[in-house]
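For ligands, and for the atoms within them, numbers begin at 1 and follow the listed sequence.
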Amino acid sequence: MNDPRPILFFDSGVGGLSVLAPARALLPRAPIVYTADNAGFPYGTKREAEIAARVPALLGRLAERYRPRLIVIACNTASTIALAGVRAALELPVVGTVPAIKPAAVLSRSRVIGVLGTNATVRQPYVDDLSEKFASDCLVLRHGSAELVQLAEAKLRGEATDPAAYRAALDGLLDQPGGERMDVVVLACTHFPLVADELAAASPRPLRFIDGGAGIARRIASLTEGQTWPEDRAKGVAVFTGPFEPPPGLRAGLRAHGLERIEFL
Ligand code: DGL
């Protein structure tokens, strides 16, 4: 028997594609349902209570409709706020996305690391806990950028973006006391790896950028080890939570990630 149940990825927008890509590379036959909560986008400027209520409710509806074998919350903001609530509400394995502070601390020579996320993520106690646990001998600088989220969305739609905007986001870290010694930057929003090349090009000096995508892909592979997959690669489904006509550039970006069908919740 080949198990047709999909893996369900969830984000506020296209950011989760940076998690989907390494997961597809490891598990090429896995059927995929990718949900962008465009009706609730963006998450990073919302209050905790709203995200904590919205995400478990939406994932409950999605789980009922698509019957996934596993859910991946491919969004740092939703994970740092709502992961425990989702796990409590659903009887399914749920993989979250948390800022890659642990590997950043292993890499940093200067012991100054930056955490670039959404405004909501960088103020979470979850980030304090990770910093204390894995980077207690590091200075951990944080900066929240709503602009970078919009830039990543624009890039995926095929639109040109302004290099100065990437520099401004980096300056949010570099201009803080100690920023001159920072050598590793954690991309703590799943939208940001989609613009990692632009960030690197805008940086005034070489920085290491690190995100959790590859680690999450390995976690998904290990949680589904021994399970069967359909023989043929099924067409991936992109689900939007609100009425929306995806522009041609976005459709092409989704297709490049194997998401050939579009549905609405
Ligand atoms: N991609 C999301 C994250 O990882 C959130 C972006 C947003 O909606 O503000 O945090």
Quiz item: Going by the ring pair (Phe, Tyr, Trp, His ring centres under 6.0 Å) test, which pairs reach into residues 161-219, not counting sequence neighbours?
Solution: none
Quiz prompt | Those residues that, when tested against Asp11, pass salt bridge (Lys or Arg N to Asp or Glu O under 4.0 Å) (two or more places apart) | solution = none
Practice problem: Below 4.0 Å from any atom of ligand 1, which residues have a heavy atom? Give them in chain and number order, please. | Solution: Asp11, Ser12, Phe41, Pro42, Tyr43, Gly44, Cys75, Asn76, Thr77, Thr118, Val149, Cys189, Thr190, His191
Exercise. Tell me, with the steps shown, if Thr190 and Ser18 meet side-chain hydrogen bond (donor to acceptor under 3.5 Å, both in side chains).
Key: CA-CA 6 Å; Thr190 53; Ser18 72; 4.9 Å; no
Quiz prompt | Ionic contact status for Asp183 with Arg208, cut-off 4.0 Å | solution = no
Quiz item: So, Asn2 versus Thr228: side-chain donor-acceptor pair below 3.5 Å or not?
Solution: no
Quiz item: Which salt bridge (Lys or Arg N to Asp or Glu O under 4.0 Å) pairs, counting each pair once, include a residue from residues 102-125, with sequence neighbours left out?
Solution: Glu48-Arg123, Arg111-Asp137
